[in-house]
Amino acid sequence: MLPDRSLLSALSLEGQTLGLYIHVPFCRKACHYCDFFFTPRASLMEAYTEALLREIHLYRFLLEKVPIETVFFGGGTPSWLPSSLWDKIFHALHSLPTYHPTEITIEANPEDISAASIRLWRNWGVTRISIGIQSFQPALLRILGRSHSPDTALQAINLLANSDLPSWNADVIFAIPGQTLDSLQQDLKILTDKGAPHLSLYGLTIEERTVLYKKQKLGRFHPIDEDTYAEMYLAAHTFLENEGYTWYEISNWAREGHECQHNWRYWLRKAYLGLGPAAHSYIPEVRWHNPPSLRHYLQKLLDENVLPASSITPLTAEETQEELWLTRFRTRAGIPTSLLDDSESGHALSQVWLQHGWVREVSGQYVLSSKGALLSDSLILQAIQTTSC
Ligand code: SF4
């Protein structure tokens with residue numbers, strides 16, 4: 001079923017802005033921990049780009065109405081696209097009268113960073129590169145199945161640090177078996193010494209349909225224990241704060257003025273449109289998404305000339321409230337205290353959280369502490385169960 005164009009057109013976008021997420025579903029190979037949607041078939045990049053341009057065209061009725069404030073190319077490995085396809089995509093975006101974004105991010109792998117690629121993206125107005133470093137330790141990169149070496153990562157970081165990019169981010173993974181507190185800190189130190197404006201730190205989790213999951217089932221991979229996980233997260237948190245970074249979401253720290261505006265849109269539940277296979281869209285208060293299939297995406301757009309999206313799901317009041325917990329509560333914006341304290345059971349819960357130091361009260365909001373951040377999944381579950389009673 002397709003999204004109802006008249007329903008979308010009727011949504012009130014008055015006074016709103018839009019974030020544009022573009023999923024680029026190509027990777028050279030599967031990293032051992034990753035369950036994102038991608039294909040290694042680079043031969044389909046051209047067709048994908050044609051389909052993307054068609055999708056932009058079919059969404060013009062929406063895109064021409066709302067100022068586009070942020071753009072985020074995620075993947076997959078967007079940086080793998082050749083320059084000729086970037087030119088086509090940016091030409092199409094620039095043809096929209098509402099296209100005046102203040103932040104354009106491209107996710108990149110170290111092997112794709114060169115002076116020429118940075119120049120190409122800068123010429124198209126890209127303001128931010130988010131690079132998947134994960135670690136500088138060769139043994140840990142091998143466990144993760146990354147295709148770059150520490151040297152390639154360092155060269156890429158040097159290029160970013162010496163470029164005229166307004167901002168950049170490096171992704172780092174912790175809780176990798178064999179990783180020590182010292183080696184994690186060394187990795188972070190390399191990045192902070194290079195002046196990384198933003199860092200995303202993710203704990204390794206084992207998802208189904210990944211190489212690590214299969215290895216774990218065969219007893220050939222043993223995840224790190226919970227205590228070590230917590231110790232690493234808290235040590236990294238302290239290290240980054242001492243280096244002048246501000247924590248602003250469970251996995252994200254930034255120097256002043258470098259928080260990712262596009263991601264804030266997700267967490268504050270502002271409107272965004274997702275293009276490309278597997279991309280999700282949200283306009284208050286409805287959601288829809290494109291199925292995670294490149295074949296479906298190409299067929300719908302190129303053969304049938306229709307949007308590839310699923311049907312629109314209006315959110316109930318309960319779902320909207322749940323989403324607040326799942327998004328905003330994980331950030332330093334926190335959750336209004338009234339969401340808990342207006343009910344007896346909610347108030348009892350907030351008092352327990354405060355006593356344990358899992359949240360702080362800041363200007364009428366409950367905000368996670370670093371200890372609380374480690375427990376966020378279970379705190380969110382408790383809150384949803386309590387407030388939906
Ligand atoms: S981690 Fe990134 S580069 Fe690796 S397979 Fe997943 S999307 Fe591709």
Side-chain angles (χ1 to χ4, degrees), residues 21-45 48-49 52 71-82 85-86 105-114 117 121 126 128-157 160 168-177 179 187 191 198-216 221 223 251-252 260 262-263 266 274-280 289-294 297:
Y21 173 78
I22 300 183
H23 191 80
V24 183
F26 301 98
C27 292
R28 293 172 176 91
K29 68 189 224 358
C31 298
H32 293 174
Y33 55 94
C34 180
D35 69 345
F36 288 177
F37 171 68
F38 73 87
T39 168
R41 297 175 63 192
S43 59
L44 293 174
M45 283 180 182
Y48 157 80
T49 304
L52 178 64
V71 183
F72 195 106
F73 291 93
T77 310
S79 56
W80 194 19
L81 283 182
L85 299 185
W86 280 116
T105 302
I106 291 182
E107 284 187 338
N109 274 351
E111 56 268 40
D112 296 322
I113 299 289
S114 65
S117 61
W121 296 325
V126 172
R128 194 170 177 272
I129 301 290
S130 178
I131 184 168
I133 295 296
Q134 318 313 356
S135 172
F136 290 104
Q137 318 292 331
L140 302 185
L141 287 173
R142 273 196 298 279
I143 291 176
L144 298 174
R146 297 290 299 185
S147 49
H148 65 266
S149 66
D151 280 351
T152 312
L154 269 175
Q155 280 162 18
I157 292 296
L160 294 178
W168 54 278
N169 165 61
D171 285 349
V172 173
I173 294 183
F174 73 98
I176 311 167
Q179 191 177 36
D187 284 353
L191 293 163
H198 186 288
L199 288 164
S200 297
L201 183 63
Y202 299 106
L204 182 65
T205 51
I206 311 303
E207 309 296 339
E208 280 185 40
R209 299 191 310 275
T210 62
V211 174
L212 289 186
Y213 180 82
K214 284 179 203 139
K215 283 191 174 176
Q216 189 183 0
F221 177 79
S251 307
N252 289 286
C260 176
H262 184 84
N263 284 341
Y266 300 142
L275 306 175
H280 286 246
H289 69 276
N290 287 344
S293 159
L294 184 55
Y297 186 73

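Note: hydrogens, waters and symmetry copies are ignored here, and every other heavy atom, side chains too, is used. Counting starts at 1 for both ligands and their atoms, in listed order.
Those atoms of ligand 1 that come under 4.0 Å of a heavy atom in N109, given as number and element, are 3 (S). Interface atoms of ligand 1 facing C34, defined by a heavy-atom separation under 4.0 Å, are 1 (S), 5 (S), 6 (Fe), 7 (S).
Atom CZ of F221 has more than 12 heavy atoms from other residues, nucleotides or ligands within 6.0 Å.
In this structure, the side chain of H32 does not engage the main chain of L212 through any donor-acceptor pair within 3.5 Å. Looking at W80, its side chain never comes within 3.5 Å of a backbone N or O of D112 through a donor-acceptor pair.
A side-chain hydrogen bond (donor to acceptor under 3.5 Å, both in side chains) with N109 is found for exactly one of R28, Q134, R146, namely R146. With P150 as the partner, the side-chain contact (heavy atoms from CB on, under 4.5 Å) test is satisfied by one option alone out of L141, L140, I133: L141.
At least one heavy atom of G76 sits less than 4.0 Å from an atom of ligand 1. Heavy atoms of R28 stay at 4.0 angstrom or farther from ligand 1.
Atom 8 (Fe) of ligand 1 has its closest protein heavy atom at C27 SG, 2.3 Å.
To the nearest 0.5 angstrom, I157 atom CD1 is 5.0 Å from F136 atom CZ.
Proximity of K29 to ligand 1, defined as any heavy-atom pair under 4.0 Å, is confined to the backbone N, CA, C and O atoms. The parts of C31 lying near ligand 1 are both backbone and side chain, judged by heavy-atom distances below 4.0 Å.
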